[in-house]
Novice: 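This structure is in structure tokens; I'll ask about it shortly.
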Amino acid sequence: MTTTEYRPATAEVSPARRAGALPVTQRRVLLSEWTKLRTLRSTVYSLLAAVLLTAGLGIAISAARAGHWAQEDPRERLFFDPTLTSLSGGYLAQLAIGVLGVLLVTGEYATGSIRSTFAAVPRRLPVLWAKAAVYALTAFVLMGITAVVAFLGGQAMLSSKHIQTSFSHPGVARAVLGAALYLTVVGLLGLALGALIRNTAGAIAALFGLLLVLPLIVHFLPSSWSDAISKYLPSNAGQSVMQVVRDPMSSSLAPWTGFAVFCGYALVALVAAAVVVKRRDA
């Protein structure tokens, strides 16, 4: 008498399902990336540096300008921008924000934990989008609050010479909001470069080259070339959204036009990063 082997239904279930694993969804990937972001020491240090630079340096520069107002050149007085002065700390804060964007990706490659991440999320792109979304929201909220603090503190310093401005003045609210938006996009650009290059030093060098070195190189070109090119460079285009008082001799783009150009750079970098992340090995 022969017997037929009995195979229970549970034998056909995958090991992951038998272990009670939950299906991968974008929401769960977002929660995972949020946990990573808030538990990294580099997050605390970098964001704290960005806050201190944006608010502290902006207020300090505003106080210095007020203290030397009597010695200012007439032309400098004519085109003095109290809003941009109080937000000037953002020029250095962008380095901290950008470096953290890089580290959010390259840190996982350096430790090898990216393999575990991609094993859990084999499609990979949800990881990149989650990193970008979580960091963008965090940076925007934090730097938005910091920009308001920097503006209010800076105007308090400038009020000693009655050269302050207020939120009700045309363009001021846009500039303060623009400072937060600019720093957020810098962070996304850093994140995209980190995903593209996968090396911390290389990605940071590329970021600094785009934001700081390239404008210096273009500055030394013949003026006809420099004027035509400089306004389209990433940092110059993006920072135009923070300006309220415009020098008629300046060749900078209109605020939202310049910011749109800057967003275009970040979008191209993110799309390129998505293509590369999807195609190559972890």
Novice: Take V245 and L84 through the side chain to side chain contact (heavy atoms under 4.5 Å, CB included) test and state the conclusion after the steps.
Specialist: CA-CA 8 Å; V245 180; L84 185 60; over 6 Å; no
Novice: What residue among V185, I145, L177 forms side-chain contact (heavy atoms from CB on, under 4.5 Å) with F140?
Specialist: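 With F140 as partner, V185, I145, L177 yield a single side-chain contact (heavy atoms from CB on, under 4.5 Å), made by L177.
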Novice: Take a 6.0 Å sphere around CZ of R27 and say whether it holds more than 12 heavy atoms from other residues, nucleotides or ligands.
Specialist: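 At most 12 heavy atoms, drawn from other residues, nucleotides or ligands, come within 6.0 Å of this atom.
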Novice: Under 4.5 Å between any side-chain heavy atoms of S62 and Q155, yes or no?
Specialist: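 Result no, sub-4.5 Å side-chain heavy-atom pair not found.
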Novice: Within the structure provided, determine whether L128 and L191 are in side-chain contact (heavy-atom separation under 4.5 Å).
Specialist: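 Heavy-atom side-chain distance check passes, below 4.5 Å.
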Novice: Does L95 share a hydrophobic cluster with L189, counting links as ILVMFWY side-chain heavy atoms below 4.5 Å and allowing steps through other members?
Specialist: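 They do share one cluster, since a chain of ILVMFWY contacts under 4.5 Å joins L95 to L189.
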Novice: Is there a donor-acceptor pair under 3.5 Å between the side chain of S226 and the backbone N or O of S223?
Specialist: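 Not confirmed, S226 side chain does not pair with S223 backbone.
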Novice: Without swapping roles, check the side chain of N236 against the backbone of S230 for a donor-acceptor pair under 3.5 Å.
Specialist: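 Flag set: sc N236 to bb S230 pair under 3.5 Å.
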Novice: Report yes or no: does T111 contribute a side-chain atom to a donor-acceptor pair with the main-chain N or O of G107 at less than 3.5 Å?
Specialist: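 A pair under 3.5 Å: yes.
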Novice: Taking side chain as C-beta onward, heavy atoms only, is P82 less than 4.5 Å from I163?
Specialist: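 They are not in side-chain contact.
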Novice: How about S86 and Q164: do any of their side-chain heavy atoms sit closer than 4.5 Å?
Specialist: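 Counting from C-beta outward, S86 and Q164 never come under 4.5 Å.
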Novice: Taking all non-hydrogen atoms of both residues into account, name the closest pair between P215 and G209 and its distance.
Specialist: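 For P215 and G209, the tightest heavy-atom pair comes out as CD-O, 4.5 Å.
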Novice: Is V213 reachable from L233 through a run of I, L, V, M, F, W or Y residues, each pair having side-chain heavy atoms under 4.5 Å apart?
Specialist: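 Each belongs to a different hydrophobic cluster.
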Novice: Has the side chain of R174 got a donor or acceptor atom that lies under 3.5 Å from a matching backbone atom of Q243?
Specialist: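 Yes, the answer is positive, given that a donor and an acceptor are paired below the 3.5 Å cut-off.
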Novice: How many angstroms lie between OG1 in T200 and CD1 in I204, if you round to the nearest 0.5 Å?
Specialist: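 Answer rounded to 0.5 Å: 6.0 Å.
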Novice: Run the side chain to side chain donor-acceptor pair (under 3.5 Å) test on T117 and K36 for me, step by step, so that the C-alpha distance in whole Å, both residues' side-chain angles and the decisive distance to 0.1 Å come before the verdict.
Specialist: CA-CA 11 Å; T117 298; K36 293 178 188 177; 3.0 Å; yes
Novice: State whether K131 and E108 are salt-bridged, where the test is any N-O pair (Lys NZ or Arg NE/NH1/NH2 against Asp/Glu carboxylate O) under 4.0 Å.
Specialist: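 Judged by the 4.0 Å cut-off on N to carboxylate O distance, K131 and E108 do form a salt bridge.
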Novice: With the 4.5 Å side-chain cut-off for hydrophobic clustering, are F80 and I61 part of the same group?
Specialist: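 The answer is no; the residues belong to distinct hydrophobic clusters.
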Novice: For Y232, check ring-ring contact (aromatic ring centres under 6.0 Å, His included) against everything at least two apart and list the hits.
Specialist: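 Partners of Y232 by the ring-ring contact (aromatic ring centres under 6.0 Å, His included) criterion come out as none, since no residue qualifies.
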Novice: Could you tell me which residues satisfy side-chain hydrogen bond (donor to acceptor under 3.5 Å, both in side chains) with S166, sequence neighbours excluded, listed by chain and number?
Specialist: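 Here the qualifying residues are S168.
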Novice: Should L210 and L193 be marked as a side chain to side chain contact (heavy atoms under 4.5 Å, CB included) after you check the CA-CA gap, both sets of side-chain angles, and the distance that decides it?
Specialist: CA-CA 11 Å; L210 283 173; L193 291 174; 4.2 Å; yes
Novice: Verify side chain to side chain contact (heavy atoms under 4.5 Å, CB included) between L100 and S42, making sure each step is shown before the conclusion.
Specialist: CA-CA 7 Å; L100 180 57; S42 57; 4.1 Å; yes
Novice: Quick one: side-chain contact (heavy atoms from CB on, under 4.5 Å) partners of T54, sequence neighbours excluded?
Specialist: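 For T54, the residues satisfying side-chain contact (heavy atoms from CB on, under 4.5 Å) (neighbours in sequence not counted) are A93, M143, T146, A150, L183.
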Novice: In Å, rounded to the nearest 0.5 Å, how long is the span from CG of L40 to OG1 of T35?
Specialist: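 Taking CG in L40 and OG1 in T35, the distance rounds to 10.5 Å.
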Novice: Quick one: closest heavy-atom pair of G238 and F262, and the distance?
Specialist: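 Where G238 meets F262 most closely, the heavy atoms are CA-CB, 3.6 Å.
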Novice: For residues L125 and V121: do they belong to one hydrophobic cluster (side chain heavy atoms under 4.5 Å, members Ile, Leu, Val, Met, Phe, Trp, Tyr)?
Specialist: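 Yes: a chain of side-chain contacts under 4.5 Å links L125 to V121.
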Novice: Can you list the residues that meet the ring-ring contact (aromatic ring centres under 6.0 Å, His included) rule with Y45, with sequence neighbours excluded?
Specialist: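 Here no residue qualifies.
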Novice: Under 4.5 Å between any side-chain heavy atoms of V268 and V271, yes or no?
Specialist: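 Result no, sub-4.5 Å side-chain heavy-atom pair not found.
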Novice: Treating T184 as the side-chain partner and A180 as the backbone partner, does any N or O pair qualify as donor plus acceptor under 3.5 Å?
Specialist: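 Flag set: sc T184 to bb A180 pair under 3.5 Å.
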Novice: With a 4.5 Å cut-off on side-chain heavy atoms, are L152 and F167 touching?
Specialist: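 In contact.
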Novice: Keeping S252 on the side-chain end and S240 on the backbone end, is there a donor-acceptor pair under 3.5 Å?
Specialist: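 A pair under 3.5 Å: no.
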Novice: Taking P126's backbone N and O only, do any of them form a donor-acceptor pair with Q26's side chain (distance below 3.5 Å, no angle check)?
Specialist: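 Yes.
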Novice: Listed by chain and number, what are the side-chain contact (heavy atoms from CB on, under 4.5 Å) partners of V275, not counting sequence neighbours?
Specialist: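 Testing V275 for side-chain contact (heavy atoms from CB on, under 4.5 Å), a comparison that skips the adjacent residues, returns R279.
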Novice: If hydrophobic clusters are built from ILVMFWY residues whose side chains come within less than 4.5 Å, do V99 and L142 share one?
Specialist: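 Yes; L142 is reachable from V99 via cluster members.
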Novice: Is any side-chain heavy atom of K161 closer than 4.5 Å to a side-chain heavy atom of R65?
Specialist: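 SC-SC contact between K161 and R65 ruled out.
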Novice: Specify whether Y109 and F118 have parallel, tilted or perpendicular ring planes, treating 30° as the upper limit for parallel and 60° as the lower limit for perpendicular.
Specialist: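 Rings of Y109 and F118: perpendicular, over 60°.
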Novice: Please write out which residues are connected to L52 in a hydrophobic cluster, directly or through intermediates, given that two of Ile, Leu, Val, Met, Phe, Trp, Tyr count as joined at side-chain heavy-atom separations below 4.5 angstrom.
Specialist: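 So far as hydrophobic clustering goes, L52 is joined with L48.
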Novice: Between T165 and V244, is the side chain to side chain contact (heavy atoms under 4.5 Å, CB included) condition met? List the steps.
Specialist: CA-CA 10 Å; T165 188; V244 176; over 6 Å; no
Novice: Mind listing the closest non-hydrogen atom pair of G154 and I59 along with its distance?
Specialist: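 Smallest interatomic distance, heavy atoms only, reads N-CG1, 3.8 Å.
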Novice: Is there side-chain contact between E33 and Y135, with heavy atoms separated by less than 4.5 Å?
Specialist: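 No, side chains not in contact.
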